[in-house]
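Report on the structure given below.
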Amino acid sequence: MENREIAAIFGQIADILELKEENPFRIRSYRRVEEALGNVGFNISRTILEDPDKLRGIPGVGEATFRKILELVETGACEEHRQLLSEVPESLLTLLELQNLGPKKIALFWKQLGITTLEGLEEAATSHRLRTLSGMGEKSEAKILQAINEFRRREGRIRLDRAVETAQSFLDYLKDNAMLDRLAVAGSVRRRQETIGDIDILVSSDQPPDVIEAFVRHPSVKEVLAQGGTKGSIVVGRGIHVDLRVVSDDSFGAALQYFTGSKQHNVALRERAKRLGYKISEYGLFDLGTGAQVAGHQEEDIYSRLELEFIPPELRENQGEIAKAEHHQIPNLIELGDFKGDLHMHTTDSDGRNSLEEMVEAGQRAGYEFIAITDHSKALAMIGGLNEEELVSQIQNVRAVRKSFPDIEVLTGIEVDILADGTLDMQDEVLEMVDVVIASIHSRFSLTRKEMTARICKALQNPSVNILAHPTGRLILRRERYDVDLEEVARCASENRVCLEINAYPARLDLNDAHSRMVRDMGVLLSINSDAHSISMLDYMSYGVDTARRGWLESDDVINTYTKNRLDKVLRKETYR
DNA sequence: GCCGTTTTCGGCCCGACTGTTTTCAGTCG
């Protein structure tokens with residue numbers, strides 16, 4: 001059982017307990033378990049048998065939880081979970097994913113109107129039956145209908161990080177359980193698109209049926225949709241399709257190219273091939289005259305035969321990359337290896353899971369030359385945001401910690417909230433004391449476009465602000481971005497020598513690929529940061545890099561790749577681009 | 001359900017916003 005699956009069961013237990021209006025503290029403790037298990041850096045199924053104390057040591061995991069995990073690992077299910085599922089219609093749990101709808105209202109709809117499905121809820125809202133309930137009115141019905149629409153739009157898609165995890169588990173499994181030559185993930189996962197409809201895996205092997213047979217027996221398979229001689233298609237989790245294609249090794253490169261897409265990129269490539277006297281398919285590149293295969297073993301050869309520079313998968317969207325490749329002008333895309341530091345992370349002083357010392361140590365282990373500690377400000381009272389006094393005291397702590405870690409520069413910082421009127425949630429004198437000021441929005445998302453733009457631009461004019469974090473506020477597959485004129489924000493940013501962030505947190509990736517490219521072209525400098533809330537989340541940086549690469553960014557566009565010296569000049573606003 | 005220089009019971013991050021109300025319940029972060 002994958003960590004994610006185990007964690008999800010605890011999440012579902014919490015959901016059902018909420019619908020049943022059980023003790024909120026018990027529910028919270030299940031949520032804590034869900035979060036903790038989702039973030040551990042080792043395989044739970046293996047560890048619980050080999051080193052059970054490691055699991056018992058996770059904060060939030062007590063004896064009862066430990067026993068449930070053991071039951072799950074040993075039997076694949078858990079009695080309490082099964083029992084709870086029998087008390088509540090499963091379709092009710094889907095309704096919890098709707099915005100602005102929580103357990104109380106869902107339970108009310110269920111008990112008063114017998115609503116258990118999305119369709120039932122939609123019907124009740126459309127026919128104005130919801131407003132007959134106390135606390136419900138016209139606006140609530142409209143909001144629910146909107147939430148249903150938004151939910152439908154994202155249904156069947158998953159976030160990139162989840163898809164990468166699932167794909168990796170299939171790759172590891174196939175390596176161990178099938179006779180094969182090469183294997184790779186293709187499709188939108190390889191192109192690092194931010195959401196994924198289905199996962200494509202490509203294998204080369206002499207024994208396709210055996211590979212397919214192993215594939216459909218992967219332990220997470222919920223349903224086998226197709227099992228043929230060279231193709232298999234299965235469903236995992238909640239409706240996510242994984243497709244496997246097996247080819248001979250001489251076709252692997254061509255198949256990788258073909259199944260990586262995108263469709264539009266391939267159409268353009270096919271036209272070019274035809275013009276040059278070739279035919280291209282998933283089996284190879286063939287000479288139209290002789291019919292001989294001229295490329296196919298290696299993906300690179302396909303491009304070079306077509307007189308093109310190799311095009312990184314992230315650029316294959318038919319957005320001008322083929323013309324650039326023709327003239328050998330493919331950008332030298334930024335890589336994780338270019339990074340010298342991470343400028344946005346949290347500690348236990350606000351809502352992080354690890355202490356200042358632990359974060360610094362992890363930053364050093366990650367090979368960084370510098371990191372910035374940027375906890376939340378007091379507007380986020382619920383998660384213990386810092387007030388002026390607490391920030392000053394954290395600055396002292398950072399100075400003290402520097403002595404123990406001579407190999408990494410630890411910058412002081414704050415992620416300060418932009419209040420509704422565009423002022424910052426921290427006195428200017430205190431903001432002036434820290435090395436990095438990140439400004440960001442965490443509340444009042446529904447201002448008008450004009451108000452929101454003015455609010456953000458006002459914040460950017462504060463001379464202490466260095467970075468605007470997650471500039472659009474969207475949460476992938478969960479919350480739409482707020483309405484803001486990003487071009488105007490980009491202009492304000494460059495005028496005030498502020499960097500815009502690509503927040504690498506997998507649920508955010510904000511700015512996204514297209515926006516990153518747009519603001520860079522407008523002369524804006526970017527910063528890519530993990531926004532880590534624990535040491536393991538420092539690894540999220542790679543998703544930010546994926547986004548930046550899709551946005552055609554090079555290392556010079558991103559201050560995290562600068563030397564400490566050059567970075568300091570940008571932070572002090574002595575230079576910009 | 002978890003946790004404990006408050007230690008085996010009794011606590012457990014809280015403030016703002018929205019839409020419904022006319023003083024509040026539900027949701028979110």
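Within 4.0 Å (heavy atoms only), A:Leu101 reaches sugar-phosphate atoms of the nucleic acid but no base atom. When heavy atoms are screened at a 4.0 angstrom cut-off, A:Ser446 is found touching the sugar-phosphate backbone but no base atom. Contacts of A:Arg444 with the nucleic acid, taken as non-hydrogen atoms under 4.0 Å apart, involve only primed sugar atoms and P, OP1 or OP2. Among the heavy atoms of the strands, none lies under 4.0 Å from A:Gly384. Here A:Tyr30 lies in heavy-atom contact (under 4.0 Å) with sugar-phosphate atoms only. Counting non-hydrogen atoms under 4.0 angstrom, A:Arg479 reaches the backbone sugars and phosphates but no base. Across all strands shown, A:Asp351 has no heavy atoms under 4.0 Å from either base or sugar-phosphate atoms. Residue contacts shown for A:Pro24 are absent, as no nucleic acid heavy atom lies under 4.0 Å away.
Here A:Arg474 pairs with A:Glu194 in a salt bridge; the nearest charged N to carboxylate O distance falls below 4.0 Å.
Going from the C1' atom of B:dG10 to that of B:dG15 covers 25 Å, rounded to whole Å. Between the C1' atoms of B:dT22 and B:dC28, the separation comes to 24 Å (whole Å). Remark: the separation of the P atoms in B:dC12 and B:dT6 is 14 Å, to the nearest Å. Here the separation of B:dT20 from B:dG26, taken at their P atoms, is 14 Å to the nearest Å. Taking atom P in both B:dT21 and B:dA16, the straight-line distance is 24 Å, to the nearest Å. Distance noted for atom P between B:dG19 and B:dC9: 47 Å (whole Å). Distance check on atom C1': B:dC13 versus B:dG29 gives 11 Å, rounded to whole Å. Separation of the C1' atoms belonging to B:dC17 and B:dT23 is 16 Å when rounded to the nearest angstrom.
Side-chain atoms of A:Asp510 come within 3.5 Å of backbone N or O of A:Gly473 as a donor-acceptor pair.
For A:Asn100 and B:dG26, the CG to P distance is 15 Å, given to the nearest whole Å. Atom C1' of nucleotide B:dC17 and atom OH of A:Tyr482 are separated by 17 Å, given to the nearest angstrom. Between the CG atom of A:Leu386 and the C1' atom of B:dC13 there is a distance of 14 Å, rounded to whole Å. Protein atom CZ of A:Arg31 is 12 Å distant from nucleotide atom P of B:dT27, rounded to whole Å. Atom CZ of A:Arg131 and atom P of B:dG19 are 14 Å apart (whole Å). The nearest whole Å value for the distance from the CD atom in A:Glu35 to the P atom in B:dG29 is 14 Å. A straight line from CG of A:Leu380 to P of B:dC13 spans 16 Å, rounded to a whole angstrom. Going from atom CD1 of A:Ile383 over to atom P of B:dA16 covers 14 Å, rounded to whole Å.
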- [ ] Output, in order, the C-alpha distance, side-chain angles, deciding distance and verdict of salt bridge (Lys or Arg N to Asp or Glu O under 4.0 Å) for A:Glu97 and A:Arg478.
- [x] CA-CA 8 Å; A:Glu97 290 179 44; A:Arg478 244 175 59 214; over 6 Å; no
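Projected onto DNA chain B by closest heavy-atom contact, A:Leu133 and A:Lys68 fall at different nucleotides, the more 5' of which corresponds to A:Lys68. Between A:Thr65 and A:Pro103, the one whose closest nucleotide on DNA chain B sits nearer the 5' end is A:Thr65.
You'll find that the side chain of A:Arg28 is closest to B:dC12, out of B:dT20, B:dG29, B:dC12. Listed candidates were B:dG1, B:dT20, B:dG26. Nearest to the side chain of A:Ser140 is B:dT20. Closest to the side chain of A:Lys139, out of B:dT20, B:dG15, B:dG1, is B:dT20. Minimum atom distance to the side chain of A:Ser29 is reached by B:dC2, of the listed B:dC13, B:dC2, B:dT18. In this structure, the nucleotide among B:dT27, B:dC12, B:dG19 sitting nearest to the side chain of A:Lys143 is B:dG19. You'll find that the side chain of A:Lys104 is closest to B:dG26, out of B:dC28, B:dG15, B:dG26.
In plain terms, the two heavy atoms of A:Ser355 and A:Thr347 that are nearest each other are C-CB, 4.2 Å.
Using a 4.5 Å cut-off on side-chain heavy atoms (C-beta onward), A:Asn512 and A:Thr472 make no contact.
Using Watson-Crick or G-U wobble geometry with both donor-acceptor distances under 3.5 Å, B:dC28 finds its partner in B:dG15.
Taking CZ from A:Phe42 and CG from A:Asp51, the interatomic distance works out to 8.0 Å, rounded to the nearest 0.5 Å.
Of the N and O atoms on the side chains of A:Asp349 and A:His376, not one donor lies less than 3.5 Å from an acceptor on the other residue.
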